[in-house]
Amino acid sequence: MDDETEAERTRADETGTPGTGTAAYGDPAATYWDSAAARFDDEPDHGLRDPAVRAAWGGRLAGWLPGEPSDVLDLGCGTGSLALLAAEQGHRVTAVDLSPRMAERARAKLAGTGARVLVGDAAEPPVGERRFDAVLARHVLWMLGDPAAVLRRWSGLLRPGGRLVLIEGFWGTGTGTGTRTGTARPVGIPAAELAAAAAQLPAAFVRTESLSADPALWGRPVADERYAMLVRPSPPACHRPVSQQPLANGR
């Protein structure tokens with residue numbers, strides 16, 4: 001079991017079932033991530049300290065986000081590593097994290113980029129009436145309880161033609177010491193399950209890209225399921241069949 005898988009299992013075990021989408025300061029999820037903030041960037045794909053890992057994520061992100069400078073909302077931003085890549089690629093970034101300590105580190109990392117970092121619930125981001133060209137979330141959705149409901153809320157934050165960029169994985173099962181039953185439950189969300197939730201959005205275009213076979217993204221080979229999913233709730237009027245659509249820039 002690699003370190004990231006262990007971290008995901010530990011997070012599930014210490015906080016009980018994945019989050020309900022209702023966050024408050026001092027709740028188990030916020031407390032957990034506050035305690036994890038100091039060491040969060042030690043994982044190669046979190047801190048992106050290795051130039052090869054950073055370049056791998058930068059290349060992928062450039063393909064997933066719009067090709068022109070756009071408004072990007074990064075939900076569950078952690079210490080802001082992906083938000084920083086997006087800002088460096090010319091996007092106007094708003095980042096949200098439940099953990100005040102994570103958000104503090106993200107603000108420091110994003111200083112000078114013009115990015116805005118907010119403390120709040122990824123399931124119901126505190127962005128008011130603002131709308132975005134892309135909503136980005138990595139390893140967040142599986143913890144928010146009802147993926148289909150969360151995707152509906154996130155799609156409402158998009159401008160016409162906007163996209164959801166979802167980076168997720170399935171790491172196995174964890175023993176829910178924080179649950180009433182204490183039974184094993186999934187840690188992560190399989191791609192097929194997330195695709196089914198995304199397909200409930202009106203006229204949704206959905207495309208999945210496997211990330212498991214690219215060790216450069218993780219700083220090591222991985223054997224579990226890791227993937228990116230591009231979701232467009234309202235696809236262009238003229239579009240090719242999904243099987244023919246490239247993922248890069250959604251074109």
Side-chain angles (χ1 to χ4, degrees), residues 1-15 17-21 23 28-30 32-37 39-48 53-54 56-57 60-61 64-65 72-86 95-99 102-103 105-106 120-123 125 134-147 150-151 154 164-174 185-195 197-198 208-212 214-220 222-231:
M1 182 189 304
D2 64 40
D3 292 341
E4 183 171 9
T5 304
E6 180 63 27
E8 296 293 347
R9 292 177 191 269
T10 301
R11 183 260 179 271
D13 289 348
E14 292 191 8
T15 63
T17 55
T20 62
Y32 174 86
W33 289 115
D34 269 353
S35 68
R39 64 180 187 278
F40 188 77
D41 279 355
D42 292 346
E43 273 298 306
D45 63 301
H46 291 173
L48 306 185
V53 176
R54 180 180 175 82
W57 279 103
R60 296 277 185 162
L61 200 63
W64 299 329
L65 294 177
V72 174
L73 177 62
D74 182 2
L75 297 176
C77 68
T79 60
S81 294
L82 289 190
L84 178 59
L85 288 179
V96 176
D97 202 272
L98 178 65
S99 160
M102 289 284 194
R105 290 173 180 270
D121 186 358
V135 171
L136 169 67
R138 180 171 69 164
H139 300 169
V140 172
L141 187 58
W142 75 274
M143 293 185 285
L144 298 182
D146 184 345
V150 174
L151 290 179
W154 289 357
L164 306 177
V165 180
L166 311 172
I167 305 162
E168 287 293 341
F170 181 66
W171 300 279
T173 58
R185 66 179 178 282
V187 178
I189 181 170
E193 182 179 334
L194 182 53
T208 304
E209 178 179 323
S210 176
L211 305 179
S212 299
D214 188 352
L217 292 169
W218 317 109
R220 67 175 80 85
V222 298
D224 45 26
E225 182 182 23
R226 306 185 188 199
Y227 59 91
M229 189 172 293
L230 177 68
V231 181

(Q) For a quick test of reading the model, state the closest non-hydrogen atom pair linking A86 to L61 and the distance between them. (A) N-CD2, 3.8 Å
Q: Could you pull out all residues at least two apart from A103 that satisfy side chain to side chain contact (heavy atoms under 4.5 Å, CB included)?
A: R107, V117, V119
**Q.** Heavy-atom side-chain proximity of T208 to L194 below 4.5 angstrom
**A.** no
Q: Look up atom CZ in R226 and atom CZ in F170, then write down how far apart they are to the nearest 0.5 Å.
A: 13.0 Å
(Q) I want to check something: taking the side chain as every heavy atom from C-beta on, are V165 and V135 in contact at a cut-off of under 4.5 Å? (A) no
**Q.** Distance in Å, L98 CG paired with L75 CG, rounded so as to fall on 0.5 Å steps
**A.** 12.0 Å
Q) Is the backbone N or O of L217 less than 3.5 Å from a side-chain atom of W57, with the two atoms forming a donor-acceptor pair by type? A) yes
Q) Run the side chain to side chain contact (heavy atoms under 4.5 Å, CB included) check on D45 and R138 step by step: do they pass? A) CA-CA 11 Å; D45 63 301; R138 180 171 69 164; 4.1 Å; yes
(Q) Donor-acceptor check, side chain of S212 to backbone of D224, threshold 3.5 angstrom: yes or no? (A) yes
Q: With sequence neighbours left out, write down each residue that passes side chain to side chain contact (heavy atoms under 4.5 Å, CB included) with D41, or none if nothing qualifies.
A: H46, R49, T79, S81, K109
Q: Could you check if a side-chain atom of L211 sits within less than 4.5 angstrom of a side-chain atom of R60, using non-hydrogen atoms only?
A: yes
**Q.** Residue pair E43 / R220: nearest heavy atoms and the distance that separates them
**A.** OE1-NH2, 3.2 Å
**Q.** Side chains of L84 and R54 in contact at under 4.5 Å (non-hydrogen atoms)
**A.** yes
**Q.** Least distance between heavy atoms, A30 atom then S99 atom
**A.** O-CB, 4.4 Å
Q: Answer whether the closest heavy-atom distance between the side chains of W154 and V231 falls below 4.5 Å.
A: no
Q) Do you know which two heavy atoms are closest between P147 and A197, and how far apart they sit? A) CB-CB, 4.2 Å
Q: Identify the two heavy atoms, one from D97 and one from G78, that lie closest to each other, and give their separation to 0.1 Å.
A: OD2-N, 2.8 Å
Q | Rounded distance [0.5 Å steps], CH2 in W64 versus CG in L164 | A | 14.0 Å
Q. Do E193 and W142 have side chains that get closer than 4.5 Å, going by heavy atoms?
A. no
Q | Counterpart residues, side-chain hydrogen bond (donor to acceptor under 3.5 Å, both in side chains), relative to R105 (two or more places apart) | A | none
Q | Any residue meeting side chain to side chain contact (heavy atoms under 4.5 Å, CB included) with D74, in chain and number order, not counting sequence neighbours | A | C77, L82, A83, A95, L136
